[in-house]
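Quick notes on the structure that follows.
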Amino acid sequence: MPTAAAPIISSVQKLVLYETRARYFLVGSNHAETKYRVLKIDRTEPKDLVIIDDRHVYTQQEVRELLGRLDLGNRTKMGQKGSSGLFRAVSAFGVVGFVRFLEGYYIVLITKRRKMADIGGHAIYKIEDTNMIYIPNDSVRISHPDEARYLRIFQNVDLSSNFYFSYSYDLSHSLQYNLTVLRMPLEMLKSETTQTRQESFDIFEDEGLITQGGSGVFGICSEPYMKYVWNGELLDIIKNAVHRDWLLYIIHGFCGQSKLLIYGRPVYVTLIARRSSKFAGTRFLKRGANCEGDVANEVETEQILCDASVMSFTAGSYSSYVQVRGSVPLYWSQDISTMMPKPPITLDQADPFAHVAALHFDQMLQRFGSPIIILNLVKEREKRKHERILSEELVAAVMYLNQFLPPEHTIIYIPWDMAKYTKSKLCNVLDRLNVIAESVVKKTGFFVNRPDSYCSILRPDEKWNELGGCVIPTGRLQTGVLRTNCVDCLDRTNTAQFMVGKCALAYQLYSLGLIDKPNLQFDTDAVRLFEELYEDHGDTLSLQYGGSQLVHRVKTYRKIAPWTQHSKDIMQTLSRYYSNAFSDADRQDSINLFLGVFHPTEGKPHLWELPTDFYLHHKNTMRLLPTRRSYTYWWTPEVIKHLPLPYDEVICAANLKKLIVKKFHKYEEEIDIHNEFFRPYELSSFDDTFCLAMTSSARDFMPKTVGIDPSPFTVRKPDETGKSVLGNKSNRDEAVLQRKTAASAPPPPSEEAASSSSEDDSGTDREEEGSVSQRSTPVKMADSGDSAKVTENVVQPMKEVYGINLSDGLLEEDLSIYTRFVQLGQSQHRQDKSSQQLYSRCPDGVIKFIFSRITKSLNTHLSFLARQHL
């Protein structure tokens with residue numbers, strides 16, 4: 001039975017650094033400024049870091065008295081009777097870490113932050129600015145000539161660019177993991193609390209727990225998943241010396257949130273991308289995998305859907321879906337010294353027993369469970385063997401590893417040459433991706449923290465009954481993950497991940513009872529909002545790894561991109577080539593120094609003197625491995641026992657050691673997320689409380705025309721939306737032209753027809769017919785009756801304009817007079833609305849009478865003009 005448990009909120013959210021000649025005093029407080037902690041940092045050591053944490057929780061009055069005594073004591077010692085002995089150096093919001101090059105230590109502080117998302121009241125912040133302060137005093141500083149160069153290299157990692165943190169939500173883990181931990185049984189939490197109390201290093205940690213009785217609430221804090229933490233090396237030196245609230249772990253990648261308004265009901269769609277800090281680097285300098293199974297450009301993308309009307313994790317509705325991208329897990333690289341746009345692919349080491357792939361997939365089985373699905377998008381047919389080298393080796397590795405796995409947990413391999421299908425005129429790329437996405441989501445399932453709604457039980461959908469994953473009494477769990485890759489894992493991968501995410505989003509909305517069927521169509525407000533999120537996500541990840549934004553987007557594969565997009569694609573390609581050729585080496589050095597892959601040491605070669613960083617990332621080249629893994633039993637034994645569930649989420653002794661469980665009073669500030677979010681006991685402004693300005697489907701995507709269906713699941717025309725589907729209002733004519741072309745085009749072929757006809761592109765007529773059939777939304781063929789209706793809608797009827805219908809068999813004499821009347825262009829007889837309505841209901845005899853009157857008036861008018869001319 002689940003118990004009342006809540007995440008522990010960090011009590012160090014506001015920091016002030018005070019300075020004396022001998023020490024730094026770092027004072028941290030919670031947001032309400034009711035609890036304080038103090039760190040004392042020694043400044044007299046030139047190269048060592050001496051930090052003292054008294055582990056005492058101060059009140060505001062006690063901190064003021066402490067700072068007053070420090071000020072008075074330092075004034076007396078230095079003889080400064082007229083000035084202060086304690087200086088306020090800087091205000092901050094967190095400690096990134098401590099780093100040392102060749103001189104003393106630096107402290108890196110977060111000085112500016114911006115709220116980016118909100119998940120169940122837990123705020124996610126983006127680092128906007130940092131401050132790097134040298135700790136030793138100038139009197140003991142031992143200068144080194146290369147210190148300034150190392151400092152520039154370290155600061156080349158822009159911490160204000162896509163680094164995120166949270167005081168209460170673990171960003172390194174998925175939502176499924178975080179909520180699974182909160183659902184631990186009551187007996188295990190009690191035993192873990194007792195063990196924590198016995199092994200606690202803080203004598204003040206559990207003060208008052210005995211008097212709480214059974215009315216307390218368990219607070220849970222889990223260890224972060226260090227693979228996605230980017231300042232783990234910077235905090236490692238103080239990890240065991242300070243209280244855990246001082247440790248603020250940051251991730252690198254992307255975080256975006258948008259609001260989907262469904263008839264006034266707010267639903268938050270959040271996209272979080274976690275970039276791996278293992279084997280991290282830039283495009284051509286980091287390819288394949290290292291000896292520990294960590295691959296280049298590995299990013300875990302999670303889409304979270306939550307009902308914003310209920311904020312609590314226990315009472316609210318939350319759903320998530322996770323997928324992964326990463327380089328092909330082999331020993332391969334590309335030589336960039338040739339200055340070619342596509343350097344040749346080289347396999348660096350022979351790996352007949354798929355050792356590095358086994359390590360990589362063992363990590364994935366432990367974190368995600370089974371099945372592991374590989375979607376390989378690299379080219380399979382090439383004139384010159386290039387990308388196909390990777391496909392052949394990857395197929396051989398997967399076949400070798402699968403023969404030792406149980407049949408129900410084998411790795412599923414899906415090869416699909418996306419580039420070939422994009423060039424084909426008769427294949428709908430996104431429709432084929434949608435078929436793959438449906439099969440993938442059905443195998444892995446998704447996470448939702450509530451059981452199936454009663455309406456879905458009464459009227460079950462066929463697709464819903466085929467859904468995989470693990471069904472538990474409190475909801476569903478995602479078991480397994482989709483791993484998508486191409487060569488760069490940028491353009492093609494982002495489009496494929498968007499299609500899988502779109503399919504999963506439909507199931508998530510259906511599970512929360514927001515739509516009646518798990519289907520979402522293109523050109524709806526919901527899909528446009530989700531597509532914009534994924535494009536920002538793809539651009540950000542592409543800039544981090546490739547040096548430019550996406551070259552091919554979802555609109556490119558839908559064949560609705562404007563003609564101006566081609567010039568943008570060329571510029572992005574040139575930008576990517578320039579970045580790879582000239583700036584990637586410096587960025588790689590910065591990443592190696594920031595992540596602690598390289599440690600500057602006196603008497604050893606400097607970072608810029610190394611010919612390559614291969615030996616830094618492949619540790620087996622520097623020392624012999626203690627044990628060699630089995631070639632057949634290549635997995636961890638504990639992992640295979642609990643499949644399809646991920647081992648990291650199984651309640652066992654090894655995982656319980658990673659948790660910190662503490663019992664709090666019911667309204668204690670460390671677990672009260674309501675007080676943390678709304679702060680009802682302090683004077684606040686709307687700008688501070690609701691500072692997150694997110695994209696909204698009703699404001700940014702829904703048409704502004706009166707009478708339009710406000711549902712975000714209604715298919716819109718491209719010119720009916722708040723934001724144009726092409727991204728530019730000047731291209732509206734082109735959008736209309738494309739819609740006209742699509743309306744006259746034949747429907748897209750079925751999957752079997754597309755697969756059979758994609759090989760033949762020789763006929764020009766067939767190419768012209770299939771050139772528009774690559775739209776993701778099928779277009780129905782219009783017959784002659786429908787075309788007549790379209791014409792009536794576009795061209796205004798003559799009867800409404802002139803009051804009569806000229807196609808009703810008029811006399812030749814009357815028609816010639818009417819023609820002359822139009823040519824002269826002088827209409828002296830303007831009719832009012834009453835006469836127009838009268839004429840519209842007149843019989844044919846009355847129409848002839850009206851024409852005779854018009855004829856007489858025209859003759860009179862022409863004769864008058866003739867006399868005036870004479």
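All values reported here derive from a predicted model rather than from experimental measurement.
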CA sep, side-chain torsions, deciding dist, call: Asp488, Arg283, salt bridge (charged side-chain N to carboxylate O under 4.0 Å, His left out) | CA-CA 7 Å; Asp488 297 324; Arg283 184 185 177 198; 2.8 Å; yes

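- Residues satisfying the ring-ring contact (aromatic ring centres under 6.0 Å, His included) criterion with Tyr318, sequence neighbours excluded, are Phe313.
- For the pair Phe368 and Ser174, the minimum side-chain heavy-atom distance is 4.5 Å or more.
- With hydrogens and angles left out, the side-chain atoms of Gln478 and Gln176 include no donor and acceptor closer than 3.5 Å.
- Judged as a ring-ring contact (aromatic ring centres under 6.0 Å, His included), and not counting sequence neighbours, Tyr413 has no contacts.
- No side-chain donor-acceptor contact under 3.5 Å links Thr493 and Asn485.
- Proximity of a side-chain donor or acceptor of Gln323 to a complementary backbone N or O of Arg483 within less than 3.5 Å is not detected.
- Contact annotation: the side chain of Phe713 never approaches that of Val527 to less than 4.5 Å [non-hydrogen atoms, C-beta and beyond].
- Here the closest non-hydrogen pair linking Val448 and Ser511 is CG2-OG, 3.9 Å.
- Of all heavy-atom pairs spanning His409 and Pro644, the tightest one is CE1-N, 3.8 Å.
- In this structure Arg367 satisfies the salt bridge (charged side-chain N to carboxylate O under 4.0 Å, His left out) test together with Glu300, sequence neighbours excluded.
- Closest approach of Cys486 to Val328, counting heavy atoms only: O-CG2, 4.3 Å.
- Taking 4.0 Å as the cut-off between side-chain N and carboxylate O, Arg492 and Glu387 count as a salt-bridged pair.
- Inter-residue side-chain proximity for Thr479 and Leu645 is flagged as met; some heavy-atom pair is nearer than 4.5 Å.
- Remark: Gln497 CD to Leu377 CG distance equals 9.5 Å, nearest 0.5 Å.
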Side chain to side chain contact (heavy atoms under 4.5 Å, CB included) between Tyr125 and Arg114: does it pass, once the steps are laid out?
-> CA-CA 5 Å; Tyr125 296 97; Arg114 181 160 61 97; over 6 Å; no

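- With sequence neighbours excluded, the residues forming a salt bridge (charged side-chain N to carboxylate O under 4.0 Å, His left out) with Glu466 are Lys442, listed by chain and number.
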So Ser711 and Asp709, side chain to side chain donor-acceptor pair (under 3.5 Å) or not? Walk me through it.
-> CA-CA 6 Å; Ser711 171; Asp709 185 4; 4.8 Å; no

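- Other residues, nucleotides and ligands contribute at most 12 non-hydrogen atoms within 6.0 Å of the CD atom of Glu462.
- Taking all atoms of both residues into account, the shortest heavy-atom contact from Val322 to Glu302 is CG2-CG, 3.8 Å.
- Taking OG of Ser258 as the start and CG of Leu529 as the end, the distance is 4.0 Å to the nearest 0.5 Å.
- In this structure, the side chains of Met702 and Arg716 come closer than 4.5 Å at one or more pairs of heavy atoms.
- Annotation: ring-ring contact (aromatic ring centres under 6.0 Å, His included) contacts of Phe254 (sequence neighbours excluded): His537.
- Residue Arg528 holds its CZ atom at 12.5 Å from CG of Asp700, rounded to the nearest 0.5 Å.
- The aromatic rings of Tyr177 and His173 sit parallel, their planes meeting at an angle under 30°, below the 60° perpendicular limit.
- Contact annotation: the side chain of Val299 never approaches that of Val324 to less than 4.5 Å [non-hydrogen atoms, C-beta and beyond].
- Glu298 places no side-chain N or O within 3.5 Å of a backbone atom of Arg275 that could act as its donor or acceptor partner.
- Note that CE of Met311 is 10.5 Å distant from OH of Tyr268, once rounded to the nearest 0.5 Å.
- Annotation: the span from Leu509 atom CG to Lys517 atom NZ amounts to 16.0 Å, rounded to 0.5 Å.
- Side-chain contact between Tyr534 and Gln303 is present, with heavy atoms from C-beta onward closer than 4.5 Å.
- The ring-ring contact (aromatic ring centres under 6.0 Å, His included) check on Phe361 picks up nothing, with sequence neighbours excluded.
- Here the side chain of Ser166 pairs a donor or acceptor atom with the backbone of Ala123 at under 3.5 angstrom.
- Judged purely by atom type and a 3.5 angstrom limit, Arg388 uses its side chain to pair as donor or acceptor with the backbone of Glu380.
- A salt bridge links Arg476 with Asp452; the closest basic N to acidic carboxylate O contact falls under 4.0 Å.
- Checked by atom type and distance alone, the side chain of Lys259 never pairs as donor or acceptor with a backbone atom of Ser697 at under 3.5 Å.
- Between the side chains of Arg325 and Thr484, no donor-acceptor pair is found at a separation under 3.5 Å.
- The shortest side-chain heavy-atom distance between Leu512 and Arg450 falls under the 4.5 Å cut-off.
- Salt-bridge check for Asp491 with Arg553: failed, with every basic side-chain N at 4.0 Å or more from each acidic carboxylate O.
- Between the Ser319 side chain and the Gln508 main chain, no donor and acceptor come within less than 3.5 Å of each other.
- Closest of all the heavy-atom pairs between Leu467 and Val441 is CD1-O, 3.6 Å.
- Contact annotation: the side chain of Ile373 approaches that of Thr444 to within less than 4.5 Å [non-hydrogen atoms, C-beta and beyond].
- For the pair Ser312 (side chain) and Thr314 (backbone), a donor-acceptor distance under 3.5 Å is present.
- In this structure, NZ in Lys555 is found 10.5 Å from OG1 in Thr495, a value given to the nearest 0.5 Å.
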Taking it one step at a time, do Ser391 and Asn376 satisfy side chain to side chain donor-acceptor pair (under 3.5 Å)?
-> CA-CA 8 Å; Ser391 291; Asn376 186 18; 3.3 Å; yes

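- Checked by atom type and distance alone, the side chain of Lys463 pairs as donor or acceptor with a backbone atom of Pro518 at under 3.5 Å.
- Smallest separation of non-hydrogen atoms from Gly253 and Thr540: O-CG2, 3.5 Å.
- One N or O on the side chain of Asp417 and one on the backbone of Lys420 form a donor-acceptor pair closer than 3.5 Å.
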